Amino acid sequence: MTTIKGIDVSHWQGAINWGKVAKDGVKFVFIKATEGTSYFKLSYFKDNVPKALAAGLKVGAYHYAKFATVTEAKAEAAYFLGSIRSFGLNYPAVLDLEENKKGANKKILTDAAFAFLEAIEDAGHTAMLYTGKSFLENHLDESRLKKYALWIARYNSTLGRSADIWQHSDSGKINGISTKVDLNVAYRDFTDTENTIKPPNTSNPSNKTQQQLIL
């Protein structure tokens with residue numbers, strides 16, 4: 001199966017030459033937009049999205065979650081959506097859930113994740129969950145989240161499970177980026193993604209069947 005090369009970045013990557021990134025074969029990028037309910041580096045997202053789009057990349061956004069309850073998740077989703085609303089994203093909007101510092105049980109944390117992803121979908125975005133393989137399998141009820149696209153981090157020679165995108169390295173080198181960068185391969189083609197911002201309380205857009213690969 002053909003795979004699609006991508007990266008994800010945050011302010012840690014500093015200034016990026018997006019033209020060089022595109023010429024290095026990168027087809028998509030996820031840029032960190034927000035964290036919790038406030039994020040002091042939101043300007044990095046706002047500055048880089050137009051530049052990445054202009055270079056011809058597919059661009060998605062991700063939110064680093066700190067919630068442990070449905071109420072907290074809804075507040076974080078509202079903050080995320082408000083921050084990315086005015087950008088012409090053409091790749092999924094992502095919930096980055098990789099910690100459980102408040103010790104929520106599996107059901108409560110899954111309820112919260114579902115509430116966040118549902119809010120993203122209701123707003124007209126293609127919703128995606130990013131998490132680690134072990135975190136997904138031990139801290140979340142995966143069966144309740146299967147309707148959403150899945151992006152898994154596992155720094156190994158094989159992924160060892162199904163996913164739509166695999167983050168296989170956190171120490172890659174890409175032309176146009178001076179620091180190490182996360183490397184991803186997509187097994188599902190999201191290049192036809194349309195993020196259409198919708199008014200509140202509209203029905204959910206239909207979900208496409210995930211194309212997944214067992215590695």
Side-chain angles (χ1 to χ4, degrees), residues 1-14 16-33 45 48-49 51-65 84 89-98 113 117 120 125-138 140 142 145-195 207-215:
M1 180 184 295
T2 301
T3 59
I4 305 167
K5 180 179 179 180
I7 59 173
D8 58 274
V9 300
S10 69
H11 72 279
W12 296 109
Q13 272 63 58
I16 294 176
N17 184 320
W18 290 104
K20 289 184 177 180
V21 170
K23 289 179 180 178
D24 201 15
V26 174
K27 301 300 184 185
F28 68 86
V29 58
F30 290 104
I31 303 176
K32 183 175 181 178
F45 171 82
N48 280 279
V49 169
K51 296 176 182 178
L53 288 169
L57 276 72
K58 295 294 182 177
V59 182
Y62 74 90
H63 169 86
Y64 190 92
I84 69 175
L89 300 176
N90 52 13
Y91 226 57
V94 181
L95 165 61
D96 176 348
L97 181 56
E98 54 186 274
L117 290 163
I120 300 310
H125 294 278
T126 298
M128 176 180 285
L129 171 66
Y130 166 91
T131 190
K133 179 179 182 293
S134 177
F135 193 92
L136 175 65
E137 295 170 357
N138 293 288
L140 295 169
E142 182 181 355
L145 301 170
K146 284 188 177 296
K147 66 177 290 190
Y148 297 109
L150 182 61
W151 173 17
I152 289 290
R154 191 188 192 204
Y155 309 140
N156 200 305
S157 58
T158 59
L159 175 53
R161 59 156 296 120
S162 61
D164 297 296
I165 298 177
W166 174 24
Q167 184 186 84
H168 59 88
S169 174
D170 62 352
S171 57
K173 292 297 295 180
I174 295 292
N175 290 338
I177 301 177
S178 61
T179 67
K180 294 178 181 179
V181 64
D182 295 338
L183 300 179
N184 302 277
V185 291
Y187 303 109
R188 173 179 168 187
D189 187 357
F190 290 97
T191 56
D192 62 348
T193 294
E194 293 184 10
N195 291 306
N207 291 287
K208 297 181 180 179
T209 302
Q210 293 185 26
Q211 178 179 344
Q212 299 182 319
L213 180 67
I214 303 292
L215 293 183

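Computed from a predicted model, the values in this text were never measured in an experiment. Atoms considered below: every heavy atom in the structure, side chains included; atoms not considered: hydrogens, waters and symmetry mates.
Here the shortest heavy-atom pairing between R188 and A149 reads NH1-CB, 3.7 Å. The shortest non-hydrogen separation linking L89 to A61 is CD1-CB, 3.8 Å. When all heavy atoms of A22 and A55 are compared, the closest pair comes out as CB-O, 3.6 Å. The minimum heavy-atom distance between A65 and L95, with the atom names listed, is CB-CD1, 3.6 Å. When all heavy atoms are compared, the tightest approach of S10 to K32 is CB-CB, 3.9 Å. In this structure, A113 and L97 approach most closely via the heavy-atom pair CB-CD2, 3.8 Å.
I7 places none of its side-chain heavy atoms less than 4.5 Å from the side chain of D182. At least one side-chain heavy atom of V9 sits less than 4.5 Å from a side-chain heavy atom of I16. At a threshold of 4.5 Å between non-hydrogen side-chain atoms, the residues W12 and T179 do not count as touching. Looking only at side-chain heavy atoms (C-beta outward), I84 and H125 come within less than 4.5 Å of each other.
Interatomic distance, NZ of K5 versus CD1 of I174, reported as 4.0 Å (0.5 Å rounding). Taking NZ of K173 as the start and NZ of K180 as the end, the distance is 8.5 Å to the nearest 0.5 Å. In this structure, CG on L57 lies 11.0 Å from CG on N48, to the nearest 0.5 angstrom. To the nearest 0.5 angstrom, K58 atom NZ is 9.0 Å from L53 atom CG. Distance CG/L129 to CD1/I165: 11.5 Å, rounded to 0.5 Å. The OH atom of Y130 lies 11.0 Å from the CG atom of L150; values are rounded to the nearest 0.5 Å.
Applying the side-chain hydrogen bond (donor to acceptor under 3.5 Å, both in side chains) test to E137 and every residue at least two apart in sequence or in another chain returns K133, R161. Applying the side-chain hydrogen bond (donor to acceptor under 3.5 Å, both in side chains) rule to Y62 yields no partners; only residues at least two apart in sequence or on another chain are considered. Residues passing the side-chain contact (heavy atoms from CB on, under 4.5 Å) test with K20, sequence neighbours excluded: N17, N175. Looking at residues two or more places apart in sequence or on another chain, you find a side-chain contact (heavy atoms from CB on, under 4.5 Å) between I4 and K27, F28, A186, D189. For S178, there are no side-chain contact (heavy atoms from CB on, under 4.5 Å) partners at least two apart in sequence or on another chain. In this structure, the side-chain contact (heavy atoms from CB on, under 4.5 Å) partners of S169, at least two apart in sequence or on a different chain, are S171, L183.
None of W166, Y187, F30, Y91 except one satisfies the ring-ring contact (aromatic ring centres under 6.0 Å, His included) rule with W151; the exception is F30.
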For this session: Please test D8 against V94 for side chain to side chain contact (heavy atoms under 4.5 Å, CB included), starting from the C-alpha separation and ending with a verdict.
Result: CA-CA 11 Å; D8 58 274; V94 181; over 6 Å; no
Problem set entry | Residue pair H11, F45: steps toward the side chain to side chain contact (heavy atoms under 4.5 Å, CB included) verdict | CA-CA 8 Å; H11 72 279; F45 171 82; over 6 Å; no
Exercise. Where do M128 and T126 land on the side chain to side chain contact (heavy atoms under 4.5 Å, CB included) test, with the steps shown first?
Worked result: CA-CA 7 Å; M128 176 180 285; T126 298; 5.9 Å; no
For this session: Apply side chain to side chain contact (heavy atoms under 4.5 Å, CB included) to V29 and W18, showing your working.
Result: CA-CA 10 Å; V29 58; W18 290 104; 3.8 Å; yes
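Using a distance-only test at 3.5 Å, with no hydrogens or angles considered, no donor-acceptor pair links the side chain of K23 to the main chain of G176.
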